[in-house]
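Written out below as structure tokens is the structure these notes cover.
Throughout, residue positions are numbered sequentially from 1 according to the sequence presented.
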Amino acid sequence: MMADGNEEQGNLLPSHKESTIVENADRAELDAFVAYLQERYQRKEQERQQNISPNRPAGVNFLLYDSSFKKNTVFVKRLKQFTAQQLPSLMQHVSRFNLTSYISGVCEALVGAKLKMSDIDAALTLCTHLHRKYANFAPTMFESWQKLLSIKPCAPVTNPSKMRVDLRFFAELISVGIFSCAVGMSLLHDCLFGFIAGDEKKHLNLSIVLSFCKHCGNEFTGLVPTRMNELAKKYDVTIPMSQLVPPTVQSDLRNLLQDYYESLVKHLQSEHMNLHLMEKPLNETAKVERTTKKHEYEMLYASTSSLADLLGEGLPLLEELQEPDAAEEETGEMLRNEILDPWRNSETKSFYVDLPDLGNFLANYDKGKEDDDENHKQATVQEQTTITDTIISKQLLDMELFDLDEHRDDLLSASSCPEDEEDMELVVWNQGDNEIFKQATHKRILTADDENSTRPDPNSKHYFVQFAKNLQCCINREMIDKAAIEFLQHLNVKGNRKRLVTVLFTVQRTRLDRLPMYARFVAIINLISSDVARELCHKLKVEFFYHLKKDQLQIEPKIKLIRYIGELVKFGLYEKEEALYCLRCLLQSFQHHNVEMACALLEVCGVYLFNCTESRVQVNAFLEQMMGLKMNTLMQDRHEQQVESVYYLLKRPVSLKDVQKKLPIMHAYIRWLIFQELGKSNVDKIILQFRRLNWYDMETSNYAIQCLSQAYNIRYQLITYLADMLQGLSTYQRKVVVRVIDTVLEDIRVGMAIHDPALAGRQIAMIKYLGELYNYQLVESDTIFTTLYSIISFGVNLSHDEPSAIDPPESLFRLKLACKLLNTCGQFLNIGDERHSFDHFIVFFQRYYWHKKSHPIFVDQRCVGMDEQLNMYPVLMDHMYHECLKRLRPNLKVYSSLEEANNAVEDLRQKFFNGKSVQQVDHVDSILLHDCFSDDEKKDVLPSSSAISNLKP
């Protein structure tokens, strides 16, 4: 009895000790939480008192600080990319410089900066320092926040991640007293109301609300986590509360959050019910859709649980979701029963299917194949004893996620045997010994053996190295076939096959063009010796899982590897199930490099797999899963484009054909003559056909004029012949030619009024067309000079401080237009009466060139203040300008600076104004010279709004 009593007492002691340890841990956690709140509230109270009545320096003291425009501008730019590591250097700048005139820029930079949560404390320190030094900082900062946080209800948030940080940053500014509580809380309440009011159904702003409650809820709404509340009641401890926000304001915010939480619970219950309705999917597409929905539901449930814990609310009871029975799922017979074409064109099919007949080259082809098969059966048995469970089956594609990780570890551990010294030499050579490669002979692979030639030694290392070098020169189908036949004739021994696998495996990561050729090479070798393909596929498989587990910075090796696998799949050397298994592993973590790898695999062999009966259903399911992940996760724009491109490459959209507008027969004939038939040899014939048109029919006449004016719709080399055709037509249809010229001039002027890079090609073509029209004497020289002066003056501001909107400083397109027009027709402006007018234009043209080149945007800021500044002006534009002037004026002495060009322009002004003041002239450079303009052209002719709206790039 005594023994039994001792045993019972011994059993009770451990449970009592465990409960004591748990209670002590809970009490320590509660005490730490209370101490943290007390320390935080006291620190915020001290900062708030100092910021409410700061001791700012007198205004006279600011005269002692440096007010350098350049340095303060750089400071404002640095604030736009603010990080916590920059705080010491920024604080030094604030203490040494006078930022009185730059406060507005500082505030806009801080509000617009893309901060992280870890940068907020540093940003608060900088804002506090600025607030205590400059009296206008707080009002200006608040105006900037008003622009950002004045959100209308139902308005979408373009960048939720930035808004989460901005909302906490603004709340902390109120907490430390930079903004008054009354003014700041009003804007904060309106902002939260804007997030919540129009988001009761979709809850797209849930992450923003949850972040605010987590970081600022205890101070602004009095929220305390449920666990801390329970521990405080258990141990009778009072949790400190902030005195910053009045209780009535806290109550209003809590009610707002409570209403949002109630709508969130309804949303969660609705999603839960929808998942129950999708309990038994009918096909693979429905299965993928259900998996995506379940993932969304789990994320919504986790967010709802976090918000409920912060608000002290309980979650509703929801039934546990049950996975559908896999036996009840159908296999998608509709997809399998379609008529499929894995290649989609005959050339691709011929490359991957039509291999050379080795019986024409190898006398003992059949016997050698049988002997080789017997040898490789024994090798396969030995390999299976060392590498266990490395075959991918269809059942593995449906394996759970945690089981996939274990399988990848097994594959990584089952690596192939290490290479010997000869193989390592081949790897080093193949990975980039370019000097040896350049010295190698680039002769083609031997076509056939001479009857009198001696057979080379198959075990010769030198001969194999030379063959490996020549193998990299095989850039087409014929050469790679000859290389494979040569290997089978002269080098097909076990040692060379092993070295060949190493050479084929170590392809340079940037030479993706070799992969299809190498895959075809392996396919031909596989007809005789299957160990090369088997060992290469195993190496690629192990390398794939190595890259999948180790996240590297370089994407090129991964893309090379996955495309190599895709090429081998299309030759039937790499199993389809294994390729699909690789794709599923990439879809587990569909982000970063995995997105590009998955898209590269489907780009190479996706069409083949999708159009094969045994893999069509799985590929279709993976495609739908990819699109679901794209829609429900945050991806980069280029990744989204890659996913969509691959999806529609495999699944061509089946939709109704667009009903194209059928042109009248005469309109189609006009387009055919101009845009398809026009050439150097048939200009006269096309002129004859155009003369036969019914020009009295307004519809036909207008459409012909429209086509004759669209020089940008034909090849650039044919613009000369279009002008020649118009010149031949001018003898018979003068009015038509005038309307075409007017349309061309209007198009050029509209293009100058709209700065759009998309119109660059169109403007170049039209300028070329105008020059050719002058060459064929269809326009006068006054029109050319008017256009030239308009190019260098229309909308141009010669002051560097006020850049033009339609001719920005960084845009050199106007200069290119002027050079293009001068190169086209400048040789005819250089003779006769136009020579003097052309001399005058060259002066203004050089002034415009130096105005562009001397702009600060083309001067390296690191060289400012040095004797020799590094000019970043584009070299190609500089060459174009000098070649244009040298071609037209070989002996011209060009100006060497902007000042010299301005002096030359001023001399011309004094010459033509005869002593009149410049202010008496209505317009400047473009109408300065009387002999270049008529009276009607001495004004800016702006294009009409209708012409701008009808301009199509």
Carefully, step by step, assess K482 and E478 under the rule salt bridge (Lys or Arg N to Asp or Glu O under 4.0 Å). CA-CA 6 Å; K482 292 179 180 179; E478 180 182 0; 3.0 Å; yes
Would you please classify the geometry between the Y463 ring and the H490 ring as parallel, tilted or perpendicular, with 30° and 60° separating the classes? perpendicular
Residue pair F590 / K630, side-chain heavy-atom distance below 4.5 Å: no
Can you check whether F521 reaches L500 side chain to side chain, under 4.5 Å on heavy atoms? yes
Taking side chain as C-beta onward, heavy atoms only, is Y716 less than 4.5 Å from I764? yes
Looking at K349 and D354, is there a salt bridge between them, counting it only when a charged N and a carboxylate O are closer than 4.0 Å? no
Grab the two heavy atoms, one from A760 and one from F813, that are nearest each other, plus how far apart they are. O-CZ, 3.5 Å
Is a side-chain donor or acceptor of N470 paired with a backbone partner of Q466 at a separation under 3.5 angstrom? yes
Distance-only, no hydrogens or angles: does the N492 side chain make a donor-acceptor pair with backbone N or O of F487 under 3.5 Å? no
Is there a salt bridge (Lys or Arg N to Asp or Glu O under 4.0 Å) between E596 and R638? Walk through the geometry before answering. CA-CA 9 Å; E596 300 188 34; R638 61 187 183 92; 2.6 Å; yes
Between R509 and K558, is there a side-chain heavy-atom distance shorter than 4.5 Å? no
Can you tell whether the side chains of R514 and E567 come within less than 4.0 Å, N to carboxylate O? no
Got a donor-acceptor contact below 3.5 angstrom from the N611 side chain to the V607 backbone? yes
Where V604 and K570 come nearest, the two heavy atoms and their spacing: O-NZ, 3.0 Å
Tell me, do R715 and F675 make a side-chain contact under 4.5 Å, heavy atoms counted? no
Taking side chain as C-beta onward, heavy atoms only, is E640 less than 4.5 Å from Q636? no
For the atom pair OG (S161) and CG (L634), what is the distance rounded to the nearest 0.5 Å? 7.0 Å
Please tell me if the side chains of F505 and E535 come closer than 4.5 Å, counting only heavy atoms from C-beta onward. no
Exam field: side chain T348 to backbone R344, donor-acceptor pair closer than 3.5 Å: no
Give the intermediate values and the outcome of salt bridge (Lys or Arg N to Asp or Glu O under 4.0 Å) for residues K651 and E624. CA-CA 10 Å; K651 302 180 67 174; E624 298 298 333; 2.6 Å; yes
Counting N and O atoms only, with roles assigned by atom type, does the side chain of S615 sit under 3.5 Å from a partner on the main chain of K576, one being a donor and the other an acceptor? no
Has R520 got its NZ or CZ under 6.0 Å from the middle of the six-membered ring of F351, at an angle within 45 degrees of the ring axis? yes
Rounded at 0.5 Å granularity, tell me how far CD1 in I524 sits from CG in L488. 8.0 Å
Note: A579 and V569 closest approach over all heavy atoms is CB-CG2, 3.7 Å
Student check: side-chain heavy atoms of L358 and I485 closer than 4.5 Å: yes
Are Y564 and F544 near enough that their ring centres are under 6.0 Å apart? no
Closer than 3.5 angstrom, by distance alone: can the side chain of D357 be matched with the main-chain N or O of N360 as a donor-acceptor pair? no
